[in-house]
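Comments concern the structure below.
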Amino acid sequence: MTERIAEDRRAKLDKLREKNRNPYPIRVTKPVSIGSCLENFEDRQGEEVVVAGRLTQVRDFGKLRFSHLMDRDEQIQIGFERDRLPEFWPDRKLVEANDIVVVRGELGLTKKGEKTIWATEVTLASKTLRHAPEKWHGLQDVEARFRMRYVDLFANPEVRQGFILRSKIISGIREHFDSQGYLEVETPILQPIFGGATARPFKTHHNSLDMPLFLRIAPELYLKRLLVGGLERVYEIGRVFRNEGLSTRHNPEFTMLESYGAYADYRDVMELVEGLFGHLCQTVLKGQSKVEFRGADYDLTPPFDKRRYTELFAEHNGGLDFFDEPAVLARAKELHIETAGRPWEKIANDVFEATVEDNLSGPVFVYDYPLAICPFAKAHPEDARIAERFELFIAGMELANAFSELNDPIDQEGRFERQLEHVDEESSSEMDEDYVNALEFGMPPAGGLGLGIDRLCMLLTGNDSIRDVILFPLLKRDSGRVEKQTEAEKED
RNA sequence: GGGGGCGUAGCUCAGGGGUAGAGCACCGGAUUUUUAAUCCGAUGGUCGGAGGUUCGAUCCCUCCCGCCCUCACCA
């Protein structure tokens, strides 16, 4: 079969049209879910229902045929009998596996006790022109699954369930923040100055304003402006964009939750996060608190372990004091970490990442980070070198990042200025003066949180790769296939 | 960007310097209780792309494209 469209299916489509059967009707009878038909099924035999979905696996017995019908959540057997379907029966071979149909019928059982809808009326709702993937293995080819996610979703029910779960996770997050009095807001994705994180941005341009713009790397600085404005508790779930490499844990666009709550500090945010995980275990995981990820088990029951950054640093580096610059530099060289021309605190943090992070199975809050790598966090009242910041690690993945937000405009301006001394592709060459201006109008003390939704979904759905929890992960264009297709189209 | 692996029918996969293979799907036939139905028959391929070696390449070599894993950057 070299044609783009399966010729046999095209022929069936033509036959349907000849018989005045619309293969793509505008309106069909509204169905109920198959799941609702399965509830209390035994007591409802003989009841008439209308269901709809994709046909699978037709099993033909001459005057009788069986198939399964699949909708979003469930599937059920459909029994087609010649004598009950005078209208449909002559067309039965024109309607085949993979077609979308609406079936009216009676709930009943087969001789072997299989729950079945005995059809009394069958309407083709959409004719399929492509062959479906194999019924048993589904679509396995990873590349094809990503490029044709629409096929992956209907051919692989577990993929569909995974994305349904992702949707429920996001609903669960909204429920939790809403219940805590947080207001969901939206802030600019197109930003004239990028900030709020350390990452290379995507650049774009607005034509009529003739203005360079960046796709946001974080919503942080806009959300905190809203605290100045008095909204007090805000959160945003949205896409952020980072112009960096791809991996099983990184996609150039990913979904982030950020929240900011006035009159709270990072300890309160830890509780907020623990509460969130508790809520998700209750709702999304239906009371479960254990998840399996990459072959290991994780217990998400709060409270989580809490470990001080500098203590972990010493523990995994032979008692080394994080602030002992010459000793840490020596350790960095031992670990073959790039040191030349880089700020020492980044080098020291690289030592932390190289020696500690992979060993954090978690869930664990790592807290009290060195202030120098936390440009938006408040200093610890007892040690000016330390910031009130924590990160949540589970399965070696950084899932969340939070701090007691810096609201001192003069301190903030100074930290921006210090950042400008080391400008690279990952930091703006411009200070966000308006953000400092906002702080000068007064921002209440606040606890802020950033949480990677995709990684959370990986953990809760047990998927190893971020591409398995993003419906359409970024892929290169397959120029070979594209050329092949356009050539084939020209020949038509 | 570095290293490793992969790309064969619509799908899942085997094969391998000499006419390209299976199962499923599809097509024709049989069949009123199947559950990956079964049975009989038929169809279906630029073996990712372009070069090279060879009498002959899907197989060997080179380059290119794409995907996966991994390292680096990062969340």
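Everything numeric here is computed off the predicted structure, so don't read it as measured data. Below, chain A is the first sequence line, B the second, and so on; all start at residue 1.
For B/G1, the paired nucleotide is B/C71, the pair qualifying as Watson-Crick or G-U wobble because both relevant distances are below 3.5 Å. When Watson-Crick and G-U wobble pairs are counted only if both distances are under 3.5 Å, B/C6 pairs with B/G66. Here B/C27 sits opposite B/G41 as a Watson-Crick or G-U wobble pair (both hydrogen-bonding atom distances under 3.5 Å).
For the P atom pair drawn from B/U46 and B/C59, the interatomic distance equals 15 Å after rounding to whole Å. Look at the C1' atom in both B/U8 and B/G3: the space between them is 27 Å, to the nearest Å. Using atom P as the reference point in both B/G29 and B/A36, the two lie 26 Å apart (nearest Å). If you take atom P in B/C47 and the same atom in B/G18, they sit 15 Å apart, rounded to whole Å. B/A75 and B/G5 have their C1' atoms separated by 27 Å, with the value rounded to a whole Å. For the P atoms, the distance from B/C11 to B/G51 is 26 Å, rounded to whole Å. Nucleotides B/U58 and B/U19 place their C1' atoms 13 Å apart, quoted to the nearest Å. Comparing B/G44 with B/G21, their C1' atoms are spaced 13 Å from each other, to the whole Å.
The side chain of A/Asp8 approaches B/C26 more closely than any other nucleotide in the set B/A37, B/C26, B/U12. Between B/C67, B/U12, B/U33, one nucleotide has an atom nearer to the side chain of A/Lys476 than all others, and that is B/C67. In the set B/C69, B/C67, B/A75, B/C67 carries the atom at the smallest distance from any side-chain atom of A/Arg147. Distance from the side chain of A/Glu134 is smallest to B/C24 among B/C24, B/U70, B/G66. In the set B/C26, B/U35, B/C69, the nucleotide with an atom closest to the side chain of A/Ser465 is B/C69. Distance from the side chain of A/Thr116 is smallest for B/U34 among the nucleotides B/A37, B/U34, B/C11. In the set B/A36, B/U34, B/C67, B/U34 carries the atom at the smallest distance from any side-chain atom of A/Gln77. Taking the side chain of A/Gln140 as heavy atoms from C-beta on, and the options B/C13, B/U35, B/U32, the nearest nucleotide is B/C13. Here B/G10 is the nucleotide among B/A75, B/A37, B/G10 with the atom lying nearest to any side-chain atom of A/His131. Among B/C27, B/A75, B/U34, the nucleotide with an atom closest to any side-chain atom of A/Arg455 is B/A75.
Note that A/Arg166 lies outside the cation-pi zone of A/Phe163, set by a 6.0 Å cut-off to the ring centre and a 45° limit from the axis.
At a cut-off of 3.5 Å, with distance as the only test, a side-chain donor of A/Asn401 or A/Arg389 sits close to an acceptor on the other residue. With no hydrogens or angles considered, no side-chain donor-acceptor pair links A/Tyr182 and A/Glu184 at under 3.5 Å.
Among the protein residues, A/Asn251 comes within range of the nucleic acid bases, having at least one heavy atom under 4.0 Å from a base atom. Residue-level contact check: A/Gly452 touches neither bases nor backbone, having no heavy atom under 4.0 Å from any strand. Across all strands, A/Gly79 comes closer than 4.0 Å to no nucleic acid atom at all (heavy-atom distances). At a threshold of 4.0 angstrom between heavy atoms, the contacts of A/Lys112 include nucleobase atoms, whether or not backbone atoms are also involved. Across all strands, A/Leu475 comes closer than 4.0 Å only to sugar-phosphate atoms, never to a base (heavy-atom distances). Contacts of A/Arg145 with the nucleic acid, taken as non-hydrogen atoms under 4.0 Å apart, are absent. Using a 4.0 Å heavy-atom distance criterion, A/Arg249 is classed as a base contact. Using a 4.0 Å heavy-atom criterion, one finds that A/Lys115 contacts no nucleic acid atom at all. As judged by a 4.0 angstrom heavy-atom cut-off over every strand, A/Asn98 is placed among residues making no nucleic acid contact. Here A/Ser247 lies out of heavy-atom contact (under 4.0 Å) with every strand. Residue contacts shown for A/Phe146 are limited to sugar-phosphate atoms, with no base heavy atom under 4.0 Å away. A/Glu114 comes within contact range of at least one nucleobase, with a heavy-atom separation under 4.0 Å.
Remark: the backbone N or O of A/Glu39 is paired with a side-chain donor or acceptor of A/Arg44 at under 3.5 angstrom. A distance-only check finds a donor-acceptor pair linking the side chain of A/Asp99 to the backbone of A/Thr128 [under 3.5 Å]. Distance alone, capped at 3.5 Å, places no donor-acceptor pair between the A/Asn463 side chain and the A/Ser465 backbone. In this structure, the side chain of A/Glu274 engages the main chain of A/Phe304 through a donor-acceptor pair within 3.5 Å.
For the pair A/Ile466 CD1 and B/C68 C1', the interatomic distance rounds to 16 Å; values are reported in whole Å. Between A/Arg65 atom CZ and B/U38 atom P the separation is 15 Å, expressed in whole Å. Between the CD1 atom of A/Ile470 and the C1' atom of B/A75 there is a distance of 12 Å, rounded to whole Å. Between A/Arg9 atom CZ and B/G10 atom P the separation is 14 Å, expressed in whole Å. Nucleotide B/C27 holds its C1' atom 14 Å from the CG atom of A/Asp60, rounded to whole Å. Whole-Å rounding puts the A/Ile394 CD1 to B/A75 P distance at 17 Å. Atom NZ in A/Lys111 sits about 15 Å away from atom C1' in B/A37, given to the nearest Å. As rounded to whole Å, 17 Å separates atom P of B/A75 from atom CG of A/Leu257.
Distances shorter than 4.0 Å separate none of the side-chain N or O atoms of A/Arg82 from OP1 or OP2 on B/U31. Applying the 4.0 Å criterion to OP1 and OP2 of B/U34, one finds that A/Arg59 has every side-chain N and O outside that range. Close to B/U32, at under 4.0 Å from its OP1 or OP2, lies no side-chain N or O of A/Arg84. In this model, the phosphate group of B/U31 is not approached by any side-chain N or O of A/Lys63 to a distance below 4.0 Å at OP1 or OP2. The shortest distance between the side-chain N/O atoms of A/Lys93 and the OP1/OP2 oxygens of B/G29 is below 4.0 Å.
The nearest heavy atom of RNA chain B to A/Ala132 and to A/Ala97 marks one nucleotide each, and the one closer to the 5' end goes with A/Ala132. Checking A/Leu474 against A/Asp350, the closest nucleotide of RNA chain B that is more toward the 5' end is the one next to A/Leu474.
For A/Phe66 and B/A37, the ring-to-base geometry does not satisfy the stacking test (centroid distance below 5.5 Å, interplanar angle below 30°).
For A/Glu74, there are no side-chain hydrogen bond (donor to acceptor under 3.5 Å, both in side chains) partners two or more places apart in sequence or in a different chain.
Classification of the A/Phe322-A/Tyr309 ring pair by plane angle, with boundaries at 30° and 60°, yields perpendicular.
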Query raised in the report: Run the salt bridge (Lys or Arg N to Asp or Glu O under 4.0 Å) check on A/Arg10 and A/Asp14 step by step: do they pass?
Result: CA-CA 6 Å; A/Arg10 179 57 196 259; A/Asp14 293 338; 3.5 Å; yes
